[in-house]
**Q** 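One structure is given below, represented as structure tokens, and several questions about it will come after.
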Amino acid sequence: MAEVAQRFGPFGGRFVPETVIGALDELADAYERVRDDAEFRGELTALLAHFVGRPTPLYRARGLEEVHGFGPIYLKREDLCHTGAHKINNALGQVLLARRMGKRRIIAETGAGQHGVATATAAARFGMECCVYMGRLDMQRQRLNVIRMRMLGAEVRPVDIGTGTLKHATSEAIRDWVTNVASTHYVIGSAVGPAPYPEMVADLQRVIGDEAREQMLADAGRLPGTIVACVGGGSNAIGMFRAFLDDAEVGLVGVEAAGEGLETGRHGAPLTMGEPGVLHGSYSYLLQDVDGQVAEAHSISAGLDYPGVGPQHSHLKDIGRVRYTSVTDAQALEAFTRLTRVEGIIPALESAHALAYLADDEAAARSGPVLMCLSGRGDKDVDQAAAALGIDG
Ligand SMILES: *Cc1c(COP(=O)(O)O)cnc(C)c1O
């Protein structure tokens with residue numbers, strides 16, 4: 001049995017209080033035991049099929065092809081997952097694992113609210129107590145998801161410290177875990193945090209890439225030339241990329257949030273603009289100010305509004321296997337409108353960042369089939385997008 005990866009090159013590790021090390025070891029052991037266990041895999045696969053709706057379709061976007069003047073362009077439709085994004089793949093897997101470990105209580109942090117909703121959904125399905133930490137500002141930006149979580153029976157705890165966004169909600173969730181570690185499993189929502197989380201989350205999201213690979217071979221008769229995914233913490237991207245890392249001919253592109261512009265300092269692009277440092281238990285690229293303090297991120301999409309990124313992405317950047325780039329809020333909004341109008345699909349603002357990449361990269365156009373990860377749907381974003389686009393209700 002392979003040991004759950006702790007490091008990706010120099011990145012990752014465990015920078016946490018001593019009290020949590022035992023819990024991380026327990027989690028790593030438990031995950032190592034179940035990851036190849038036929039019964040666990042069978043239970044998870046059945047849930048993914050009948051509860052989440054997997055496999056999600058691979059959709060050929062002929063409208064986008066017409067607009068951009070190249071193709072084929074395929075969308076991996078994670079927006080069609082139950083609860084509206086890829087996050088449920090990970091939340092269900094971790095809640096199933098927590099049950100096996102005898103934990104009764106689930107906690108989570110959330111930014112856009114999608115991970116909170118996914119976790120509250122999985123907890124409701126298995127009758128577990130659930131508490132979600134969410135920044136006050138994010139609660140205002142994502143009111144619909146707050147209501148969904150509360151309907152599902154979760155307690156949503158507002159976090160008032162700092163800017164009221166994901167960074168501080170995560171710190172509060174870690175504090176809760178340190179205090180209640182015997183009864184509680186902390187469901188981290190992206191491929192970030194101390195080991196074994198980055199490896200475990202990537203492994204649970206790998207279903208995206210495994211399915212897409214099979215679907216591309218069946219549909220296009222070949223592997224994609226370029227694969228594009230947006231990168232917040234990096235879970236949808238790494239879940240997609242992992243199935244293709246050994247295929248040197250497949251170009252991989254991760255798109256970060258350039259926010260109001262990289263030069264303004266108001267962005268969420270740690271791989272493009274950051275330096276390595278420690279945040280939330282792991283060593284990875286990170287937005288820092290001149291004193292080495294963790295800087296605030298900014299993005300129109302709450303799910304990309306995070307100053308850190310998963311450690312495997314930092315490694316993939318440094319070894320040059322994945323190219324990381326960024327697009328602004330304005331470019332993402334343009335792509336949001338484009339997909340909505342020409343395909344009849346309203347994407348999440350996060351996913352719109354990946355779509356925006358199509359607009360100005362000629363390399364993608366020449367590389368053969370393009371595979372985009374459409375990580376989620378845009379229902380949660382309509383108020384914000386309407387305000388930005390000047391659309392009346
Ligand atoms: C949370 C979220 C993201 C960003 O998270 P990753 O871990 O980088 O995937 C992207 N898209 C959607 C729809 C999300 O909800």
Side-chain angles (χ1 to χ4, degrees), residues 56 75-91 94 108-119 121 134 138 141-142 144-145 148 165-166 169-170 187-193 197-198 200-202 204-209 228-242 253-257 268-271 280 282 284-285 297 299-314 316 322 324 326-327 332 335-336 339 345-356 372-382 384-385:
T56 57
L75 305 179
K76 179 61 172 162
R77 299 288 309 274
E78 294 300 296
D79 61 312
L80 294 177
C81 287
H82 178 42
T83 71
H86 66 291
K87 298 246 166 55
I88 189 78
N89 304 325
N90 168 53
Q94 285 199 47
E109 84 297 331
T110 197
Q114 287 301 103
H115 174 57
V117 168
T119 304
T121 298
M134 190 168 187
D138 284 342
R141 291 201 286 192
Q142 305 288 343
L144 179 64
N145 276 341
R148 290 164 84 194
T165 58
L166 181 58
T170 304
V187 181
I188 291 185
S190 189
V192 300
Y197 282 101
M200 180 173 67
V201 175
L204 290 169
Q205 291 292 4
R206 189 187 159 127
V207 66
I208 302 172
V228 189
C230 67
V231 178
S235 69
N236 85 90
I238 204 69
M240 178 64 101
F241 293 168
R242 273 199 173 194
V253 180
V255 183
E256 298 191 295
L271 290 164
H280 297 143
S282 148
S284 196
Y285 277 90
S299 170
I300 190 170
S301 74
L304 303 184
D305 202 342
Y306 184 62
V309 67
Q312 192 174 9
H313 286 291
S314 291
L316 291 169
V322 180
Y324 293 93
S326 63
V327 306
F336 174 95
L339 190 76
I345 299 171
I346 302 180
L349 283 170
E350 292 85 0
S351 320
H353 284 71
L355 295 163
M372 315 272 316
C373 189
L374 192 66
S375 54
R377 57 180 177 247
D379 307 35
K380 68 186 176 60
D381 295 319
V382 292
Q384 222 191 345

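Order of appearance sets the numbers: ligands from 1, and atoms from 1 within every ligand. In what follows, residues are counted from 1 in the order of the sequence shown.
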**Q** Answer yes or no: does atom CD1 of I345 have more than 12 heavy-atom neighbours from other residues, nucleotides or ligands under 6.0 Å?
**A** yes

**Q** In chain order, what residues pass the ring-ring contact (aromatic ring centres under 6.0 Å, His included) check against H313, with sequence neighbours excluded?
**A** Y324

**Q** Under the rule for ring-ring contact (aromatic ring centres under 6.0 Å, His included), what residues qualify as partners of F336, not counting sequence neighbours?
**A** none

**Q** Does this structure show an ion pair linking R148 with D379, if we count only N-O contacts that are shorter than 4.0 Å?
**A** no

**Q** To the nearest 0.5 Å, how far apart are CD in E78 and CD1 in I88?
**A** 11.5 Å

**Q** Got the residues with a heavy atom under 4.0 Å of ligand 1, by chain and number?
**A** A85, H86, K87, Q114, S190, C230, V231, G232, G233, G234, S235, N236, G303, A348, E350, S375, G376

**Q** With sequence neighbours left out, write down each residue that passes ring-ring contact (aromatic ring centres under 6.0 Å, His included) with Y285, or none if nothing qualifies.
**A** F11

